[in-house]
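Report on the structure given below.
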Amino acid sequence: MSLRVLTGIKPTGVPHLGNYVGAIRPAVAASAADDVESFFFLADYHALISTQDPVRVQRSTLEIAASWLACGLDPERVAFYRQSDVPETTELTWLLSCVAGKGLLNRAHAYKAAVDRNRDEGQDEDAGVTAGLYMYPVLMAADILLFNAHKVPVGRDQVQHIEMARDFAQRFNHVYGEHFTLPEAAIEEQVATLPGLDGRKMSKSYDNVIPLFAPREQLRRLVFSIVTDSRAPGEPKDTGGSALFQLYQAFADGGEAEAMARSFAAGVAWGEAKEQVFERIDAELAPLRERYQSLSADPAGIERILRVGGERLRDEQARPFLAHLRHAVGLRDLAAVHGGGSDTGDDAAKTAPPAFKQYREADGRFHFKLVDGDLLLLQGEGFESPREVGRIVALLKSGAVAPRVDGAGRVWLDDAHIGGLGEGVDPEALLRALERFTEDAE
Ligand code: TRP
């Protein structure tokens, strides 16, 4: 199976140059590679969390779909769809909700920030917080797991969400068997952050953006409004720290950037440099702008593209996968109960969480073991009193001290030898099983 890369796009309206250079352009380029299967979707269910203006949801969805298509996303070669056209997403959200730890969701950055703000303002902690905001990470996990994506390109702010998706997937797999691929965040570390008109990072919240599809004249005006220093024509200029130069670099090839650096050193007038930067950017954007105009003028065409994309995915992947997951969790055809009954024993073993057993051996000593279904993970030593065993088991369950496994498979807690790893058991598996006790206690 080829590498599956999934990108979720929040419909937030027409993008600016910073979005283009930092996110859209590299993603579209990456989607053209032969060995990847790309999924791009408009996260309109997610949009409902941040806006309750239906007209705005519709308009932003259209704008952002037209933007990505205008920038060269090819719906023939990538899966391009609207989240709400694949309603299996919401059903999966529920299945995941039932394994997701509430304690983990309590720690989601966006939710925590809302709670902190309320607290600072002396309000009830959850004032104005919808269950939608709280469930944001589960919905996002469903987006990713529904298509068993391997890689999810995201900014730093989204990494926690990918980790949560992994966690939910792991818990589901643990309980119901291996159904989900554990996704990985592909962190966009070195993506260009473009400076805005005032030299700070280009961002809507600084009101310093150049809209991606600004008409030629507006683009020229905005490029001319970029801050520069007051050096006169003929005075050498610094490329370092120059917003104008950085903007040029984001569009020029290496040779062009060098030539521009030379003319900076030779004292080019700011006006002349700006003219060149403007023309260079416009050369790349003019065809995109034109496509954007014609796409936007044909919303029915975009609707068709999205519908087709969504339907294909539903038929080929989402529906059959959900049918399979429904079966896995027990949402089953009642008449099929006497059919393949042979798997029930297996299932029972899978559903039982790891457990500690405490017992007394013939030697009179008290023992414990940790088992996961039929698998012996840890065989405890014998102890004089049940109390001692109880204390060690409680300590292991609490997660307060992690056991250490030495090269000979002996297991230690602090300095005490408490037992041995089960035959063929990976120390990692032991630690993971122990983690479940603390998670389940959250
Ligand atoms: N939360 C993402 C953002 O704010 C958007 C998103 C929703 C997403 N679902 C996703 C991103 C799934 C990647 C995968 O940008």
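This structure is a prediction, so every number in the text was calculated from the model and none was measured. For this chain, numbers begin at 1 and follow the sequence in order.
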Item to complete: Look at atom CD of Glu290 and say whether more than 12 heavy atoms of other residues, nucleotides or ligands are closer to it than 6.0 Å.
Response: no
Worksheet item: Which pair of non-hydrogen atoms, one from Ala65 and one from Ile302, has the smallest distance, and what is that distance?
Response: CB-CG2, 3.8 Å
Item to complete: May I ask you to check whether Phe80 and Trp68 place their ring centers less than 6.0 Å from one another?
Response: no
Discussion item. Using the rule side-chain contact (heavy atoms from CB on, under 4.5 Å), only one of Val78, Thr7, Leu73 pairs with Val28; which is it?
Written reply: Leu73
Worksheet item: Which pairs with one or both residues in residues 8-33 pass salt bridge (Lys or Arg N to Asp or Glu O under 4.0 Å), sequence neighbours excluded?
Response: Arg25-Glu284
Worksheet item: Got a sec, which pairs hit ring pair (Phe, Tyr, Trp, His ring centres under 6.0 Å) with one end in residues 224-245, sequence neighbours left out?
Response: Phe245-Phe264
Item to complete: List the steps and the verdict of side-chain hydrogen bond (donor to acceptor under 3.5 Å, both in side chains) for Asp44 and Ser84.
Response: CA-CA 6 Å; Asp44 59 346; Ser84 65; 2.6 Å; yes
Fill in: Listed partners of Phe180 passing ring pair (Phe, Tyr, Trp, His ring centres under 6.0 Å), at least two apart
Phe172, Phe321
Worksheet item: Distance-only, no hydrogens or angles: does the Asp53 side chain make a donor-acceptor pair with backbone N or O of Arg56 under 3.5 Å?
Response: yes
Item to complete: Check whether any side-chain N or O of Lys274 sits under 3.5 Å from a backbone N or O of Ile226 as a donor-acceptor pair, and report yes or no.
Response: yes
Worksheet item: Can you tell me if CD on Gln58 sees more than 12 non-hydrogen neighbours from other groups inside 6.0 Å?
Response: no
Worksheet item: Would you say Asp207 has more than 12 foreign heavy atoms packed within less than 6.0 Å of its CG?
Response: no
Worksheet item: When you check the side-chain N and O atoms of His150 and Glu184, is any donor under 3.5 Å from an acceptor?
Response: no
Worksheet entry | Salt bridge Arg220-Glu279, side-chain N to carboxylate O under 4.0 Å | no
Worksheet item: At what distance, to the nearest 0.5 angstrom, does CG of Leu139 lie from CG of Leu48?
Response: 9.5 Å
Item to complete: Measure centre to centre between the rings of Phe41 and Tyr81, then say whether the value is under 6.0 Å.
Response: yes
Discussion item. Other residues, nucleotides and ligands only: do more than 12 of their heavy atoms fall within 6.0 Å of CD on Glu76?
Written reply: no
Practice prompt. May I have all residue pairs that pass salt bridge (Lys or Arg N to Asp or Glu O under 4.0 Å) and include part of residues 250-268, sequence neighbours excluded?
Written response: Glu256-Arg280
Fill in: Evaluation steps, salt bridge (charged side-chain N to carboxylate O under 4.0 Å, His left out), between Arg82 and Asp85
CA-CA 5 Å; Arg82 179 170 41 191; Asp85 281 340; 2.9 Å; yes
Discussion item. Between Asn173 and His179 (side chain of the first, backbone of the second, donor and acceptor by atom type, cut-off under 3.5 Å), is there such a pair?
Written reply: yes
Worksheet item: Yes or no on salt bridge (charged side-chain N to carboxylate O under 4.0 Å, His left out) for Asp34 and Arg77, after CA distance, side-chain angles and deciding distance?
Response: CA-CA 10 Å; Asp34 276 334; Arg77 89 172 277 138; 3.5 Å; yes
Practice prompt. State plainly whether the residues Lys112 and Asp116 are in salt-bridge range, i.e. N to O under 4.0 Å.
Written response: no
Response to the item:
Quick note, ring pair (Phe, Tyr, Trp, His ring centres under 6.0 Å) partners involving residues 82-117, not counting sequence neighbours, are Tyr111-Tyr134
Discussion item. Taking Arg307 first and then Glu303, would you say they form a salt bridge - that is, a charged N and a carboxylate O separated by under 4.0 Å?
Written reply: yes
Worksheet entry | Arg289: salt bridge (charged side-chain N to carboxylate O under 4.0 Å, His left out) partners, not counting sequence neighbours | Asp282
Worksheet item: Within the side chain of Asp238, is there an N or O that forms a donor-acceptor pair under 3.5 Å with the backbone of Gly240?
Response: no
Fill in: CZ (Arg326) with more than 12 external heavy atoms under 6.0 Å
no
Worksheet item: Does CZ belonging to Arg314 count more than 12 external heavy atoms closer than 6.0 Å?
Response: yes
Worksheet item: Should we count NZ of Lys204 as having more than 12 external heavy atoms under 6.0 Å?
Response: yes
